[in-house]
Visitor: 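Got a structure for you, written out below as C-alpha cells; questions coming shortly.
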Amino acid sequence: EDELLGPSNKDEDKAEPETEVDINVAKIMFSNGDSKTPLRESVDLMKEMITGFVRDLIQEAIKVSPNDTVKFAHLRYVLRKDHPKLYRAKEKYTEYKSFEEKRRKTKRAVPF
C-alpha cells in the first residue's frame with residue numbers, strides 16, 4: 001500500500017511509522033470527505049477524539065452496570081438520548097451478531 005498519511009510538520013527523522021490504526025483512521029477520514037492523504041497531525045487529533053469518545057462512553061456504561069461489566073444494553077442506555085448514535089450502534093451490533101452466527105455455523109460445518 002502506498003503511504004496513506006500526508007506530510008507532517010515534524011522532523012521526518014522523528015516521524016513514527018504508520019500503524020494499522022493510523023491507516024484505518026486516515027481511510028475513515030477520506031471516506032468522510034477529507035483528503036486522500038491527511039496530515040499526520042490530523043490523524044493523530046482524530047485518534048485522540050475517537051479514544052476520548054470511546055473512553056467516556058465506556059465509563060458511562062460502567063456507571064450504569066451493576067457489576068462493572070459492560071454489555072450492549074448498558075451502551076444502549078447511555079446512548080438513548082442520542083438517536084443517530086444509538087441507531088448506528090444497534091446497526092453495528094446486529095451486523096456483529098450476524099457475522100458471529102455465520103462464523104459459528106461455518107465452524108460446525110468444517111471440522112478441523
Side-chain angles (χ1 to χ4, degrees):
E1 252 180 57
D2 293 335
E3 185 136 330
L4 288 175
L5 299 183
S8 173
N9 293 332
K10 299 176 185 174
D11 249 350
E12 285 303 316
D13 296 334
K14 297 179 184 177
E16 298 173 17
E18 291 181 12
T19 65
E20 187 175 346
V21 173
D22 292 333
I23 292 167
N24 287 331
V25 169
K27 287 178 180 179
I28 291 168
M29 291 171 67
F30 175 67
S31 71
N32 285 287
D34 205 323
S35 80
K36 188 162 181 134
T37 55
L39 291 174
R40 181 173 297 277
E41 288 85 358
S42 298
V43 172
D44 291 343
L45 178 61
M46 284 301 296
K47 283 189 336 187
E48 281 183 43
M49 292 170 61
I50 293 167
T51 302
F53 171 77
V54 171
R55 182 187 57 243
D56 294 346
L57 179 64
I58 298 298
Q59 286 174 345
E60 289 299 313
I62 288 171
K63 288 179 188 176
V64 300
S65 171
N67 58 4
D68 293 343
T69 301
V70 176
K71 296 184 178 182
F72 183 69
H74 305 127
L75 295 172
R76 199 170 51 221
Y77 179 80
V78 171
L79 294 172
R80 71 193 182 282
K81 293 181 181 174
D82 191 336
H83 297 284
K85 288 179 188 163
L86 178 59
Y87 175 78
R88 185 81 167 137
K90 286 179 180 178
E91 183 179 58
K92 289 297 166 189
Y93 184 72
T94 302
E95 287 175 16
Y96 169 75
K97 287 306 225 179
S98 174
F99 173 78
E100 284 295 305
E101 183 61 30
K102 288 176 186 173
R103 192 178 71 135
R104 199 171 321 130
K105 286 180 182 177
T106 302
K107 276 188 174 181
R108 280 188 237 138
V110 184
F112 283 84

Visitor: Within the supplied structure, the quantity of interest is the number of heavy atoms (other residues, nucleotides, ligands) at a distance under 6.0 Å from Phe72 CZ; does it exceed 12?
Guide: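 Enclosed: over 12 neighbouring heavy atoms sit under 6.0 Å from CZ of Phe72.
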Visitor: Distance from Lys27 atom NZ to Asp34 atom CG, nearest 0.5 Å?
Guide: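 Going from NZ on Lys27 over to CG on Asp34, the span is 15.0 Å.
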Visitor: Starting at CD1 of Ile23, measure out to CD1 of Ile28 and round the result to the nearest 0.5 Å.
Guide: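 Reported value, rounded in 0.5 Å steps: 12.0 Å.
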Visitor: How far does CZ of Arg40 sit from OG of Ser42, to the nearest 0.5 angstrom?
Guide: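 That separation rounds to 11.5 Å.
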Visitor: Using atom types as modelled, flag every donor-acceptor pair under 3.5 Å from a side chain in residues 84-93 to any protein atom, sequence neighbours excluded.
Guide:
| unit_1 | atom_1 | unit_2 | atom_2 | d |
| --- | --- | --- | --- | --- |
| Lys85 | NZ | Asp82 | OD2 | 3.3 |
| Arg88 | NH1 | Glu91 | OE1 | 2.9 |
| Lys92 | NZ | Glu95 | OE1 | 3.0 |

Visitor: Can you confirm whether Arg104 sits close enough to Lys107 that some side-chain heavy atom of one is under 4.5 Å from a side-chain heavy atom of the other?
Guide: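 Result no, sub-4.5 Å side-chain heavy-atom pair not found.
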Visitor: Should Tyr96 and Val54 be regarded as members of a common hydrophobic cluster, given that ILVMFWY residues are connected when their side-chain heavy atoms come within less than 4.5 Å of each other, either directly or indirectly?
Guide: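 Tyr96 does not cluster with Val54.
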Visitor: With a 4.0 Å cut-off, would you call Glu100 and Lys97 a salt bridge?
Guide: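 No, Glu100 and Lys97 are not salt-bridged.
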Visitor: When clusters are formed by joining ILVMFWY residues with side-chain heavy atoms under 4.5 Å apart, either directly or through shared neighbours, do Phe53 and Tyr77 land in the same one?
Guide: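 Phe53 clusters together with Tyr77.
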Visitor: For the atom pair CZ (Arg55) and CG (Leu57), what is the distance rounded to the nearest 0.5 Å?
Guide: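 These two atoms lie 11.5 Å from each other.
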Visitor: Please report the closest heavy-atom contact between Pro38 and Val43, naming both atoms and the distance.
Guide: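 The answer is CG-CG2, 3.8 Å.
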Visitor: Run the side chain to side chain contact (heavy atoms under 4.5 Å, CB included) test on Asn24 and Thr19 for me, step by step, so that the C-alpha distance in whole Å, both residues' side-chain angles and the decisive distance to 0.1 Å come before the verdict.
Guide: CA-CA 9 Å; Asn24 287 331; Thr19 65; over 6 Å; no
Visitor: Indicate yes or no for a side-chain donor-acceptor contact from His74 to the backbone of Asp68 under 3.5 Å, with no hydrogens or angles considered.
Guide: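 Absent.
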Visitor: Under 3.5 Å, side chain of Ser98 to main-chain N/O of Thr94, donor-acceptor pair present?
Guide: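 Checked: no pair found.
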Visitor: If two hydrophobic side chains count as joined below 4.5 Å and joins carry through other members, does Val78 share a cluster with Met49?
Guide: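 Yes.
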Visitor: When rounded to the nearest 0.5 angstrom, what is the spacing between CG in Leu75 and CD1 in Ile58?
Guide: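 CD1 of Ile58 is found 5.0 Å from CG of Leu75.
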Visitor: Quick check for you: to the nearest 0.5 Å, what is the distance between Glu48 atom CD and Thr51 atom OG1?
Guide: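 Answer for the CD-OG1 pair, Glu48 versus Thr51, is 8.0 Å.
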